[in-house]
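So the structure is just underneath, and the comments pick up after that.
In the text below, chain A, chain B and the rest are named by the order of the sequence lines, each starting its count at 1.
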Amino acid sequence: MADYSKEEIKKIEEKWQQKWRQDGVYKVSNDPSKPKYYALDMFPYPSGAGLHVGHPLGYIATDIVARFKRVKGFNVLHPMGYDAFGLPAEQYAIEHGVHPAISTAKNIETFRKQLDRIGFCYDWSREVRTCDPKYYKWTQWIFLQLFDSWFNRSLQKAERIEQLIANFEKEGNKNHHFPNAKYRLPSGNSAFSASDWKSFDKKIQQEILMQYRLAYLAHTDVNWCEALGTVLANDEVINGVSYRGGHPVVKRQMRQWSLRITEYAERLLKGLKEVDFSESMKDIQRNWIGRSEGAKITFALKSEKAIVKNMMVFTTRPDTIFGVDFMVVAPEHDMVKDITSSSHKGEIDKYLSYVESRSEVDRMAEVKKITGCFTGAYAINPFNQREVPIWISEYVLAGYGTGAIMGVPCGDDRDHRFAKHFNIPITNIIGEHYNGKEANPTYEATLTNSEFLNGTKMKDAMKVVIDKLVEMGIGERQVNYKMRDAGWSRQRYWGEPFPVVFKDDMPYAMDEKDLPLELPDTNEFKSSGSGEGPLANLKDWINIGPHEKRDSNTMPTHAGAAWYFLRYMDPHNEKEFASKEALEYWNQVDVYVGGSEHAVAHLLYARLWTKVLHDLGYLNFDEPFKKLINQGKITGDSRFVYRIRGKNQFVSHGLINQYETDALHVDVNIVNGLELDTEQFKKWKPDFANVEFILENGKYICGSAIEKMSKSYFNVINPDHIIENYGADTLRMYEMFLGPLEQSKPWSTSGIDGVYKFLRKFWNLMHDAEGNLKLSDAEPTKEELKVLHKTLKKIEQDIDNFSFNTSVSEFMICINELNALKCNKRAVIEPLIIALSPFAPHMAEELWEKMGHSDTVLNATYHKVEEKYLVESSFEYPISINGKVRAKMNMALDMPKEDIQKQVLASEIVQKWTEGKAPKKVIIVPGKIVNVVL
RNA sequence: ACCCGAGUGGUGGAAUUGGUAGACACGCAGGACUUAAAAUCCUGUGGCUAGUAAUAGCUGUACGGGUUCAACUCCCGUCUCGGGUACCA
């Protein structure tokens, strides 16, 4: 005897959560006899603040999919774990003296409790934590695979360093140039022969190999954040300040580990064509990779000292070669000092020190500001021998292309502003397309002032120019990428140590059998101050022998997250990161759900690691995620109360213009819709114990605003609170009911009653007024079967489309219809319970058990949709006149068009509109609509 | 500035390949039950106009055009909001 009441819900949910755990119903084995399905949530960082209702949104979605696939007969992998390394725990340790391992473990425990209350079907036996040595042993191992590999450009795949050495011994590097075209050997050359290679000493050989390794050490410009005492990745810097904390960031040269992700730029781009990500997600990644096609052109150079004979530029517009009026070189460019004439040295030095004084923030804030300085040197246009001045300016970046550009003011906005600002004469090569006031970057113009190109369309000129450059031996087609190699060192404690040993300042991989290299225990987490991380303070650990040292840096959190989805497949394997069988069976992640904030960093690194492991023969797929869904953010819906200034009185929102009031945020948890629970308000804060209220219609109505969910706005909704009041099943369904998964939306509890009522109606369908089970074994009618199969069909379709809000609606419609039919037949309700189980697993289990089943509903089978119950013999046609619906007529679906037309035209309403005249046209779409055109 | 995505009642949102706009739910209004309230159930609910009413007509998917027998859906332009990028040659 039970009602679906608050007390009963609590009992049911606790009962099943316990039983699920006891029986291990979510434990999944690698069973190749069954088809597999892999549903994955993005790795959470277990923060101390716990979950708010925004977090589980995506988890609920994947949980529904996982449960649905299970009742559809799949073997479903649905794991969860923790991205447990990271800065917040380390900051907390510095501030509160609690070891990151301890605070992290505690946070995980809270997190887990909250997750469990929502009834997720995670196989916890597969849980991973990136900070667990058993896990990071393999993070370090994969890092060593990257260290031991290089990218063979002609094959477009990674190979072992061993293979590279074999190539060098055979033919030097003539077929495998240095990935960084600017790199020079101590001799000044960039090419070496087989005999050169053999003559190099070991250190130089290692230095050369380092230029090729996918994980390599180099002096690189890094984003140094003094306040955090660490280096930040490009994506951790926003507008020149740190993503976390907003501290200033400056450029600094440091010897850092990097991943040579740029070598994979093309494959990362191409791979996007195979995967099912949203267009916007693909766009973000494409923009980040930033591929551009163009040409590299060599210009001869005329300068006072004549040390430098020529310069190279990269341009996407070789067709504009006759419009070049000047050259601009990055201030940091090597050749600057050599080409500067003595008469310009003073100015150039002044400009260089100005550039050096400017921080990232300054530069970003003043993008529009035009600065620059003439060097006194000239470049010679190879086609007409015209001499153009060479300038330096900070708008040209040293790190992109060749660090030098050709200025074409009539076609490029920045070049135009530059030319105008410094009074450089502008050559117009696009005729009327250039108005003298602003640049026009068109491709459509017919070229003028362009000698042999005159009369040629710009689009077509592109190929002509490149061919000619190649012929003359002064240029070639080239593709450039915006993306840079990924900085992989962090000056932090709480991360994976690098599994290398420095001998003579050169890193060597640790032996695989010595992994993991465990993080040493310490209580000192502050950085060493010298720019090195906290590990540098642990001399005993850092210094292995007189000439042997460890790396004082640790890896970024992206490392552990770049491969965790593979570990879930075989989480306890101590011999490999995962067995070949497990990797082959579980294969790609079928659906991956998470926020779009991971678009560039995490997803690109995970895709990179997968590709490398694939190239090295460990995986038979090279894209990790088949389908990716970005859940929208849930924003907060704040509530305000209005205090009359100077009094201890609060006035309801509708009456505030009669008083002078101050708006105060009020905890949304004590407001129902817009109505304040005045009793709870008095208890909320001691200051409010004796307040008075001025009500409207007997109620206190609050004001509202949509803001981000934040503790300080008192608009954070903890899922525990919802579960307390309505139960986990209502929470799950309500979060889905809010709207499309991908869409951002404000949290508001105002509609939650509707979902709760639905569940109760479902319950009541098979109970009488006293709460006793009341089921009928009678044969269902045709109508009841139609309702059932219509619902089953829609639910299946919706889940396949990740459209969960509409499936919740469909369930509601179904229950409303069955209620109207007073249907309590087992043959109808049983399949519905199975269909509902992914959404409301606790209630479904309880009802399933009440129906007499001893096994969990998880092992039931989703009923097959029988189309035969859905076929209709007639259709209620909307009859429109000139496109406007004027009437409805029920007609058989197999009625011939002529008969339909006859009936429609004969009808009274149509007669009224036609007024006896013959219509111009009658359009009949069988099963859809009839339109009479007058 | 550039590149994406979105804009539908008082609210969240629905609408297969162009084919009945507003499903479902909240809120609101009225009614039933109750001494009363809560809870529950039933009915109505985009706006405007006419009518006691059933109903009829007009209007309506950010705005202005267009294509079509038919447009929330396709095309062109404008505005607003959200996301991404930040001098990438």
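Under the Watson-Crick and G-U wobble criteria, each requiring two contacts below 3.5 Å, nucleotide U43(B) is paired to A29(B). Taking a pair to require two hydrogen-bonding distances under 3.5 Å in either a Watson-Crick or a G-U wobble arrangement, G18(B) remains unpaired. With a cut-off of 3.5 Å on both pairing distances, A36(B) has no Watson-Crick or G-U wobble partner at all.
Closest to the side chain of E394(A), from the set U20(B), C87(B), C3(B), is C87(B). Distances were taken from every side-chain heavy atom of R417(A) (C-beta onward) to each of G84(B), C87(B), C24(B); the shortest belongs to C87(B). Nearest nucleotide to the side chain of N816(A), out of A25(B), C58(B), G19(B): A25(B). Side-chain proximity of S750(A) to the nucleotides U17(B), C26(B), A89(B) is greatest for C26(B). Out of A89(B), U85(B), C69(B), the shortest distance to the side chain of V933(A) is found at C69(B). Distances from the side chain of N931(A) to the nucleotides U40(B), C24(B), C69(B) place C69(B) closest.
Rounded to the nearest Å, the gap between the C1' atom of C81(B) and that of C33(B) is 47 Å. Remark: the separation of the P atoms in G46(B) and A25(B) is 15 Å, to the nearest Å. On the C1' atoms, G13(B) is 10 Å away from A23(B), given to the nearest whole Å. Taking atom P in both C24(B) and C79(B), the straight-line distance is 39 Å, to the nearest Å. Comparing the C1' positions of C26(B) and U20(B) gives an interatomic distance of 25 Å, to the nearest angstrom. Separation of the P atoms belonging to A15(B) and G66(B) is 30 Å when rounded to the nearest angstrom. Distance noted for atom P between A38(B) and G51(B): 37 Å (whole Å). G19(B) and U11(B) have their C1' atoms separated by 29 Å, with the value rounded to a whole Å.
Of the side-chain N and O atoms in R886(A), one or more sit less than 4.0 angstrom from OP1 or OP2 of C58(B). Contact check, K921(A) against C69(B): a side-chain N or O comes under 4.0 Å of OP1 or OP2. Within the structure, a side-chain polar atom (N or O) of Y400(A) is placed less than 4.0 Å from OP1 or OP2 of A89(B). Proximity of S880(A) to the phosphate of G19(B): no side-chain N or O atom is located under 4.0 Å from OP1 or OP2. Contact annotation: N805(A) side-chain N/O to A14(B) OP1/OP2 distance is under 4.0 Å. Listed pair K884(A) / U59(B) meets the phosphate criterion, a side-chain N or O lying under 4.0 Å from OP1 or OP2. The shortest distance between the side-chain N/O atoms of K757(A) and the OP1/OP2 oxygens of A39(B) is not below 4.0 Å. Between Q797(A) and U16(B) there is no side-chain polar atom (N or O) within less than 4.0 angstrom of OP1 or OP2.
Spacing between atom NZ of K822(A) and atom P of C41(B) amounts to 12 Å, rounded to whole angstrom units. Remark: C1' of C4(B) and CD of Q285(A) are 14 Å apart, rounded to the nearest angstrom.
Separating the CG atom in L818(A) from the CD1 atom in I813(A) is a distance of 12.0 Å, to the nearest 0.5 Å.
Side chain K888(A) to base U20(B): a donor-acceptor pair is found below 3.5 Å.
The side-chain hydrogen bond (donor to acceptor under 3.5 Å, both in side chains) check on K793(A) picks up E867(A), with sequence neighbours excluded.
For the side-chain contact (heavy atoms from CB on, under 4.5 Å) with V324(A), the lone residue among V388(A), I297(A), T315(A) that qualifies is V388(A).
Using a cutoff of 4.0 Å between basic side-chain nitrogens and carboxylate oxygens, E438(A) and K420(A) are not scored as salt-bridged.
The stretch residues 919-934 of chain A participates, sequence neighbours left out, in these side chain to side chain donor-acceptor pair (under 3.5 Å) pairs: S880(A)-N931(A).
Taking the syn range as angles within 90° of 0, the glycosidic angle of G13(B) is outside it, so the base is anti.
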